Engineer: 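Okay, handing you the structure first.
Quick note on labels: first sequence line is chain A, next is B, and so on, each numbered from 1. Bear in mind that the values here come from a model prediction, so they are computed numbers and not experimental data.
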There are 2 protein chains.
Amino acid sequence: MDKQTITIYDVAREASVSMATVSRVVNGNPNVKPATRKKVLEVIDRLDYRPNAVARGLASKKTTTVGVIIPDVTNIYFSSLARGIDDVATMYKYNIILANSDENGQKEVQVLNTLLAKQVDGVIFMGNQITDSIRAEFTRSKTPIVLAGSVDPEAQVASVNIDYVEAIEEATNTLIRHDNQKIAFVTGSLSEPINGQYRLKGYKKALAQAKIAYDPNLVFETEYSYKAGEAIWDRVKAAGATAAVIGDDELAIGLLNGAGDDDVNIPNDFELITSNDSKLTEISRPKMSSITQPLYDIGAVAMRLLTKMMNKEEIDNQTILLPYGIVERGTTK
Amino acid sequence: MDKQTITIYDVAREASVSMATVSRVVNGNPNVKPATRKKVLEVIDRLDYRPNAVARGLASKKTTTVGVIIPDVTNIYFSSLARGIDDVATMYKYNIILANSDENGQKEVQVLNTLLAKQVDGVIFMGNQITDSIRAEFTRSKTPIVLAGSVDPEAQVASVNIDYVEAIEEATNTLIRHDNQKIAFVTGSLSEPINGQYRLKGYKKALAQAKIAYDPNLVFETEYSYKAGEAIWDRVKAAGATAAVIGDDELAIGLLNGAGDDDVNIPNDFELITSNDSKLTEISRPKMSSITQPLYDIGAVAMRLLTKMMNKEEIDNQTILLPYGIVERGTTK
DNA sequence: CTGAAAGCGCTAACAA
DNA sequence: TTGTTAGCGCTTTCAG
């Protein structure tokens, strides 16, 4: 009934060697005489033997799999990171256990624990909020963890990001240079550090430098979704803003279309600049001006960093900032 | 040095019971006296014991993880399916090992093999082409496999889909009803059964029924990408088409914008209808008319079916077709 | 260069 | 209701 698995033991018998030797050739241990290796390989091939990774994991205490916690695969920002993660994971022979968390603190803790129970060798965490409970799990666990595209204000855990303060500052500056005085800042919850601490700071810095008074009424907190963007247009308009810096591409395109459907001329009457430069920015009409950031690379570098940590290599810098830029496309003058 | 793991053995000792008993309470086996259970639970809590899933997997020959092979997480069609898969997987206490295949036959085989080596309890495969080599692996393996949003013309392996023939036929009919005579059919490679066999058949059926001659020059094969859509507009226009049925949303929006940027009035001068009803269809301006299909549910149902197979339950129908529809939004008259 | 043997942490008969 | 005892398939000393 059971799929009669053929084991290392079968191979050993057939090849008239010990299982230790078979193990050695399977693992590329050089201490095997070429002739022996050849013989074993031949039997492995003939028997179609496939090593059982679970047994291997138990014996070696390494599973060559890493856990990836993602708010939502369906969000292009995160899936772009995930792609980078998976590609370098594959490159280093790791597999990925992917788990959606919905940015839900409780689910994050739960998911992290099942990943640790599965003995993943490392974890990549994406999420805008490092809650106390998830932080507690992080510190308790000895498993290496890296944040990708997610900041930890305490800088306790390793992370790969861009400089959100500077990036938003520069984006805001662009809008100021275009003679906008009332610039809306629309993004997710300010209780998320990336918004409330980093982006907001950049926004304020730019205003201050231009001697524009900061007006809380121009700050909008909402969800990262297309619908939310469409919905919030009326309020942004009512606030008298002539431009907006937005923290998420779907949100930004929602706002763009909200304005467009309201017969506002973009960019002449209203300018927008978004944050993530995902492929959506090229899809909208007009195309979205944006902060550019290497999404794929953020994921890739995070995974690379994690491989080093799993390898117990010395890490010179736990917090990696990748370069960003600004592209002006159709939503800015 | 090693994170001194605390094992079932430690718990047994501390609670003065046998490891078998601990195992029982951990696994919710009812044959444990309440008092004993309580005592064990207390120790588990005090010692912060976490069962090792790898050891459990080796002993029980079940890993409670399933492999998911996806062409590209970054593609909204597939990530929508993946979301459905992950949600019901979580519901049934399974984890997902996610692997990108790039629709590359060789990589698919490779990835499938490493998933099987990791002893996944089942596999969900997404991909438009069941190559002979991947089919060979499918048949060789005793592990249950379900296709999600991907057809197997041989109907050998279980799958969850919509009826692509009928759906495209109906989409084409819609365009015919709007008085279009020259309707382009633009999609991915015709060597993929979903295109060359199913969708093309639906397209031809609709034409035949309307007594419109089939013209191969109106059939366009390209990549599933935004860029490809933009690029192919000139050829579609040159062919004299007044409308198009498109097999992928990104591709469709590329075509839409290609036409729009060429000052073609949509939908008055050119109509489009796409296939997947992903959230992109609401983002474009005008919004895309589309075949509707329950992407999330396709993934969810596929995973549900897989749980039944892993459970060795009797399956009445290996091939599940979910309902589809047609929504006319802004790209059709 | 190769083999013997002791686990890795847990499940699952089988007894008691 | 509980304990004993074999393994699951492989890695890894330790000898030789």
Engineer: Measure from CZ on Arg13(A) to C1' on dG3(C) and round the result to the nearest Å.
Structural biologist: 17 Å

Engineer: Side chains of Thr319(B) and Val151(B): does their closest heavy-atom pair fall under 4.5 Å?
Structural biologist: no

Engineer: Arg304(A) and Thr307(A): side-chain donor and acceptor closer than 3.5 Å?
Structural biologist: yes

Engineer: Taking the side chain of Lys61(A) as heavy atoms from C-beta outward, which of dG9(D), dG3(C), dC8(C) is closest to it?
Structural biologist: dC8(C)

Engineer: Within the pair Asn27(A) and dT11(D), is there a side-chain N or O less than 4.0 Å away from OP1 or OP2?
Structural biologist: yes

Engineer: Counting only distance, no hydrogens or angles, is the base of dG9(C) paired donor-acceptor with the side chain of Arg50(B) under 3.5 Å?
Structural biologist: no

Engineer: What nucleic acid atoms does Asn31(B) come within less than 4.0 Å of, heavy atoms only: base, sugar-phosphate, or nothing?
Structural biologist: base

Engineer: Using whole Å, what does the distance between atom C1' of nucleotide dC8(C) and atom OH of Tyr9(B) come to?
Structural biologist: 15 Å

Engineer: Side chains of Gln106(B) and Asn104(B) only: does a donor on one sit below 3.5 Å from an acceptor on the other?
Structural biologist: no

Engineer: Can you tell me if Arg56(B) touches the phosphate of dT11(C), counting only side-chain N or O atoms and a distance under 4.0 Å to OP1 or OP2?
Structural biologist: yes

Engineer: If you check every side-chain atom of Ala59(B), which of dG9(D), dT11(C), dT2(C) has the closest atom?
Structural biologist: dT11(C)

Engineer: Does dA12(C) have its OP1 or OP2 closer than 4.0 Å to a side-chain nitrogen or oxygen of Ser23(B)?
Structural biologist: no

Engineer: For Thr64(A) and Lys118(B), which I'm curious about, is there any donor-acceptor pair between the side chains at under 3.5 Å?
Structural biologist: yes

Engineer: Rounding to an integer number of Å, can you tell me how far Lys39(B) NZ sits from dG3(D) P?
Structural biologist: 8 Å

Engineer: Please tell me which of the listed nucleotides, dC14(D), dA12(C), dC10(C), lies nearest to the side chain of Ala20(B)?
Structural biologist: dA12(C)

Engineer: Are Lys308(A) and Glu314(A) close enough for a salt bridge, meaning some N to O gap below 4.0 Å?
Structural biologist: no

Engineer: Given ring pair (Phe, Tyr, Trp, His ring centres under 6.0 Å), test Tyr224(A) with Tyr77(A) step by step and report yes or no.
Structural biologist: CA-CA 11 Å; Tyr224(A) 299 120; Tyr77(A) 172 71; 8.6 Å; no

Engineer: Taking the minimum atom-to-atom distance to the side chain of Ala55(A), which one of dT11(C), dG9(D), dT2(C) wins?
Structural biologist: dG9(D)

Engineer: Just the rounded figure in Å: distance from P of dG9(D) to CG of Leu47(A).
Structural biologist: 14 Å

Engineer: Taking CG from Asn29(B) and P from dT2(D), how many angstroms apart are they, rounded to a whole number?
Structural biologist: 10 Å

Engineer: Using a heavy-atom cut-off of 4.0 Å across all strands, would you classify Thr21(B) as base, sugar-phosphate, or nothing?
Structural biologist: sugar-phosphate

Engineer: Roughly how many Å is it from OH in Tyr49(A) to P in dG9(D), rounded to a whole number?
Structural biologist: 10 Å

Engineer: Met19(B) CE to dT5(D) C1': how many Å, rounded?
Structural biologist: 10 Å

Engineer: Rounded to the nearest angstrom, tell me the gap between atom CD1 in Ile8(B) and atom C1' in dA6(D).
Structural biologist: 15 Å

Engineer: When you get a sec, tell me which of dT11(D), dG3(D), dC1(C) is the closest nucleotide to the side chain of Ser60(A)?
Structural biologist: dT11(D)

Engineer: Just to be sure I understand the rule, does Val26(B) reach a base, reach only the sugar-phosphate, or reach nothing, if contact means heavy atoms closer than 4.0 Å?
Structural biologist: nothing

Engineer: Need to verify one output field. Residue with the more 5' nearest nucleotide on DNA chain D, Leu58(B) or Ser18(B)?
Structural biologist: Ser18(B)

Engineer: Select base, sugar-phosphate, or nothing to describe what Val17(A) touches, counting heavy atoms under 4.0 Å on all strands.
Structural biologist: sugar-phosphate

